[in-house]
Amino acid sequence: MKLRFTINFFVLASFCLVFMSNSGGRASIFGEGNTGAPGDDSKTCASCHGGGDFGAEIEIKMFDMTGSEVSEYLGGETYTVQAQITTTSTPGGYGLQMVGLIDNGDVDTEGFSNPSSNSQIVSAMGRTYLEQQGLSSSDVFESDWTAPVNGSGSVSFYAAGHASNANGSTNGDDSTQSSITFQETTVSNTLDEQLQLTVYPNPVDNFTTIKWGNDKAVNISVSDITGKVVMNTEALGTQTELNLSSLNTGIYFLSIIDNSNNRKTVQKITKR
Ligand code: HEC
C-alpha cells in the first residue's frame, strides 16, 4: 500500500513537471493571457516572476515589408511586429507574451502568422497570443502581423515578459510589461486597391507574372532583404513578366511605383 502510494506520487509528480511546466507559455499551458491587456487575466508575469534586477524593459516595434519601422498601419497590410526585452545586465534567458487588440472594444486582431523560431501563436481566452516556446536565449520575439480591415481604427499591442536568471523557478527574475498604440493610416499610399496587384507564381522558380489593374507606366524594382536593389525595370500596360532566374534563392521585396502619381506598393516574393 505504501509502495503503491509512493509510485503514484512519483507518477503524478512527473506528470506535473512535464505538463504543468510554465516554460512553454502561459496561454499554451494554462490558457491564460497575462499581458496586462484589458480583458486579459488579472495576473501578469510580475505576479509570479520577480525578485531579480536585470533592468528589463520591453520595446514593441512594427516594421513594414521593406523593413522600415512604422508608427501607423494600413488596413489589410502585413507587417512584422517585434517585442524586444532590453536589459542592463545579461540574464539567463527571456520569456514573453503579446497580444494585439483593436482599441474599439478591445477586440483581438487575430493577425499573427509566421512566428520567430523562439515563439509560437496560441489561442486562449478567445484571443491569439504570441508567446515563448520555453525559455528563449534571444531577447527578440517576432511575428508577421496582418492588420485588420480598413476602418478598424487604432490598434494596441500589449506585451509582458521577463528576463530570467534561469534557475527553473520564479525567484530572481525581472518582469516587465509595455504597450504601444498604432493609429490607422487614412491616406492610402499603396496601389493594391487601385491597381489590384497580383504576382504569380509566388514562390517563383524563374519567371513570375505581375499584373496591375490600370493602364499606367510603372517602375518595378526587386530588392533583397538588406534593401539592396537587385533588379529594376519599367513597364507599360497592365502586366509584365519578370525573369528572376539570375537571383539566388531567398526572400525578396517587389516594389512597384506608379509613375503618374508616385504611389507605391511592396510585396514579398520568395525565389526557390
Ligand atoms: C501564476 C504564476 C505565473 C505567472 C503569472 C507566470 N509564470 Fe512563468 N513560471 C511560473 C513558474 C512556477 C515557473 C517555474 C516552473 C516551471 O517551469 O514550470 C515559470 C517558468 C517560466 C519560464 C521558464 C524559465 C524560467 O524563467 O524559469 C518562462 C520562460 C516563463 N515562466 C515565462 C512567463 C511569462 C513570459 C509570463 C508572463 C506572460 C509568466 N511566465 C507568467 C509561474 C508563472
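Because only heavy atoms are used, hydrogens play no part in the values below, and waters and symmetry mates are left out as well, while side chains stay in.
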| field | Derivation of the side-chain hydrogen bond (donor to acceptor under 3.5 Å, both in side chains) call for Ser245 and Asn206 | value | CA-CA 4 Å; Ser245 55; Asn206 289 317; 4.5 Å; no
| task | Determine, stepwise, if the pair Val199 / Ile269 fulfils side chain to side chain contact (heavy atoms under 4.5 Å, CB included). | result | CA-CA 8 Å; Val199 178; Ile269 50 174; 3.9 Å; yes
| said: One pair to check against side chain to side chain contact (heavy atoms under 4.5 Å, CB included): Glu184 and Tyr73. What are the steps and the verdict? | reply: CA-CA 5 Å; Glu184 182 180 358; Tyr73 79 87; 3.7 Å; yes
| task | Kindly determine whether Ile210 and Ile256 satisfy side chain to side chain contact (heavy atoms under 4.5 Å, CB included), including the steps that lead there. | result | CA-CA 10 Å; Ile210 303 168; Ile256 299 195; 3.5 Å; yes
| request: Evaluate the side chain to side chain contact (heavy atoms under 4.5 Å, CB included) criterion for residues Ile220 and Asn232: first the C-alpha distance (whole Å), next the side-chain angles of each, then the deciding distance (0.1 Å), finally the verdict. | output: CA-CA 6 Å; Ile220 300 169; Asn232 200 314; over 6 Å; no
| field | Stepwise side-chain hydrogen bond (donor to acceptor under 3.5 Å, both in side chains) check, Ser156 with Thr181 | value | CA-CA 4 Å; Ser156 296; Thr181 300; 2.8 Å; yes
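Connection of Phe63 to Ile180 is not established within any shared hydrophobic cluster, with ILVMFWY side chains joined at heavy-atom distances below 4.5 Å, either directly or through further cluster members.
Between the side chains of Tyr129 and Asp40, at least one donor-acceptor pair of N or O atoms lies under 3.5 Å. For Ser138 and Ser136, the side-chain atoms include no donor-acceptor pair closer than 3.5 Å. With hydrogens and angles left out, the side-chain atoms of Glu72 and Gln183 include no donor and acceptor closer than 3.5 Å. For the residue pair Gln97 and Asn34, no side-chain donor N or O sits within less than 3.5 Å of a side-chain acceptor on the partner.
When side chains are defined from C-beta on, Pro91 does not count as touching Ser164, because their heavy atoms never get closer than 4.5 Å. In this structure, the side chains of Tyr94 and Leu135 stay at 4.5 Å or more apart for every pair of heavy atoms. At a threshold of 4.5 Å between non-hydrogen side-chain atoms, the residues Leu254 and Leu242 count as touching. Taking the side chain as every heavy atom from C-beta outward, Val70 and Lys61 never approach each other to under 4.5 Å. Residues Asp41 and Met125 meet the side-chain proximity criterion, which asks for heavy atoms closer than 4.5 Å. A heavy-atom distance below 4.5 Å is found between the side chains of Asp144 and Lys268. The side-chain heavy atoms of Pro38 and Tyr158, taken from C-beta on, include a pair separated by under 4.5 Å.
Ring pair Phe157/Phe182 is perpendicular by interplanar angle, where above 60° counts as perpendicular and below 30° as parallel. Taking the six-membered ring for Trp and thresholds of 30 and 60 degrees, Tyr79 and Trp145 have ring planes inclined between 30 and 60 degrees apart.
Here Glu131 does not pair with Arg26 in a salt bridge; the nearest charged N to carboxylate O distance is not below 4.0 Å.
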